[in-house]
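Below you'll find the structure, written out as structure tokens, and then a few comments.
Sequence positions, counted from 1, serve as the residue numbers for this chain. Each ligand, and each atom within it, is numbered from 1 in the order the structure gives.
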Amino acid sequence: MSNYNDDSLALHTDAYQINMTETYWHDDMHNRKAVFELYFRNLPFGNGYGVFAGLERIIEYIKGFCFTESDIDYLREAVGYEEEFLDYLKTIRFTGTIRSMREGELVFGNEPILQVESTLAEAQLIETALLNIVNYQTLIATKASRIKQVVGEEKVLEFGSRRAQEMDAAIWGTRAAFIAGFDATSNVRAGKKFGIPVSGTHAHSMIQVYKSDYVAMKKYAESCVRRKNKVFIPLVDTYDVLRSGVPAAIKVAKEFKGEVDFKGIRLDGGDMAYLSKKTREMLDKAGFHSTQIVASSDLDEQTILSLKAQGAKIDVWGIGTKLITSFDQPALGAVYKIVAIEDDHGDMVDTIKISSNPEKVTTPGEKRVYRIINKKNNKSEGDYITLKNEEPQKEESLKMFHPTHTFISKFVTDFEARELLTDIFVDGELVYENPDILEIQKFVADNLTVLWEEYRRTLNPEEYPVDLSQDCWDNKMQIIKEIKEEIKDYTGQ
Ligand SMILES: Nc1ncnc2c1ncn2[C@@H]1O[C@H](COP(=O)(O)OP(=O)(O)OP(=O)(O)O)[C@@H](O)[C@H]1O
Ligand SMILES: O=P(O)(O)OC[C@H]1O[C@H](OP(=O)(O)OP(=O)(O)O)[C@H](O)[C@@H]1O
Ligand SMILES: O=C(O)c1cccnc1
């Protein structure tokens, strides 16, 4: 460890952001107004929608954004930036405007999730942290929502902390999972920090310590008696589920009847379809009809679907590794692109990034995103991206067309154009209060009712429309044309 205090997040950025800021500062460009937009291109896991998470931490980060003395000392020593530039860095706070989707909003490819309008320097310096936060939390919230889709009304618990990519991932991943519909977490700190319900059983080690299912469960029951909630959920697969684990659990539960709350057992291995059915029979036969079977062991939406198809008698699902590490897709690939910059006369000019890959060509200009809700059925017709001054709600009939295959189009009437980007910071001031985590969780559930089932299924969902307005599309085409005309060919010089 170095001798510097790790007392701020301002250096939680890529070195090139500070290098660019230095260049802008030298050229007196640093205070020019710029607009950047954050979005991902493709939905992860082949899912039909994403669930936006990360705003809570972004608000915390932006509020505290400043270079501390130790940050400056470190930059002086490590890079040797000139003193005047370091003096300038010391003065930087976030003074701009951030518009963002609300946490728990459903998000799709190629639409701005978050927009930063501020000085070029500020917007650039915060890029890495914003992407870092949104990329992970949105990925986990989306994975959790897929799991929730297949679990349905049954309970689902987050068990991932031990397998997460370090502590921040465990904590913020847990929060993202809860937003997306998980019921509780095993991580006690996440419970304390965010108010997420905490739940826990016990591990195989406790059975091994006492070398006997019965003895260990009895000792455990004795301590459950002393706890306020009295919950007793023994783990039954350490030695032999059907011959030892379940019979021991039943024996102890009978001995402690009225003293503990025998909620059920946990099964963590073996053929969980077969074992859960047999366990259910044994619990029912013993009169414990209302007990629940908790299952864990490398579960994800595929294994849950398969276990359900096999008629497994599982009531509660504990999910760790596959959720918290986003096992089948490690990155969301969200990007942060400049879309407008102030020119020498103080006017904002739209800007584009051209690529030979059409998917990577940016859409210039500061934009707004609307969810077009059909008032007849309260279902979404798709998302509609406009330039900032357009007012789609005023249209009698809205033309929505595919941004690449433009011949695919439809007209929508009798609609509500619900604006999705909300002011979070205005001129550096926080103007938004993030709702309570339970409200955010409900917001996700409500949002999902607006999507047709075709977009919600986990396997091969339909592609949800994310369309550009005519003006936004024309603007993009016009700028591509201008750039192509203006571009200088330096090869012959
Ligand atoms: N009936 C089933 N159908 C489909 N998948 C199952 C079924 N039962 C268990 N699984 C899944 O199969 C995998 C089992 O892997 P594995 O044999 O390595 O684990 P295990 O049986 O839990 O072993 P251990 O208890 O030694 O860890 C897990 O992902 C589990 O969720
Ligand atoms: O399987 P996951 O989805 O990642 O869920 C978390 C796992 O963590 C525990 O096992 P671990 O092997 O760490 O310890 P144990 O001996 O207590 O089962 C638990 O029993 C689950 O299997
Ligand atoms: O409480 C549990 O059963 C639990 C907690 C963490 C990981 N696996 C299981």
- prompt: Going by distance alone, is a donor N or O of one side chain under 3.5 Å from an acceptor N or O of the other, for Q115 and R368?
  reply: yes
H202 N/O under 3.5 Å from ligand 3 N/O: no
message: Can you report which non-hydrogen protein atom sits closest to atom 14 (O) of ligand 2, along with the distance?
response: R162 NH1, 3.4 Å
field: Atoms of ligand 2, numbered as shown, that sit under 4.0 Å from any heavy atom of S297
entry: 1 (O), 22 (O)
- request: Is it possible for you to check whether R175 lies under 6.0 Å from the centre of the six-membered ring of F194, through NZ or CZ, and within 45° of that ring's axis?
  value: yes
query: Do F232 and F256 have their ring centres less than 6.0 Å from each other?
result: no
field: atom 9 (C) of ligand 1 - nearest protein heavy atom and its distance
entry: G270 O, 3.3 Å
- line: Atoms of ligand 2 under 4.0 Å from any heavy atom of A203, numbered from 1 in the order shown, are 17 (O)
- request: Among all protein heavy atoms, pick the one closest to atom 28 (C) of ligand 1 and tell me residue, atom and distance.
  value: S297 O, 3.5 Å
query: At a 4.0 Å threshold, what atoms of ligand 2 neighbour a non-hydrogen atom of T321?
result: 2 (P), 3 (O), 4 (O)
- request: Consider every N or O of Q310 and every N or O of ligand 1, then say whether any pair is closer than 3.5 Å.
  value: yes
message: Give the atom numbers and elements of ligand 3 that come within less than 4.0 Å of a heavy atom of G200.
response: 1 (O)
query: Of the choices R163, R266, Q208, H202, which has the non-hydrogen atom that lies closest to atom 19 (C) of ligand 2?
result: R266
- request: To the nearest 0.5 angstrom, please state how far the OG atom of S296 sits from the CH2 atom of W317.
  value: 11.0 Å
field: Side chain, backbone, both or neither: the part of D268 lying under 4.0 Å from ligand 1 by heavy atom
entry: backbone
- prompt: Applying a 4.0 Å heavy-atom criterion (strictly less than), which segment of S306 is in contact with ligand 1: side chain, backbone, both, or neither?
  reply: side chain
- prompt: Looking at ligand 1, does any of its N/O atoms fall within less than 3.5 Å of an N/O of L299?
  reply: no
message: Under a 4.0 angstrom heavy-atom cut-off, which atoms of ligand 2 come close to D298?
response: 1 (O), 2 (P), 3 (O)
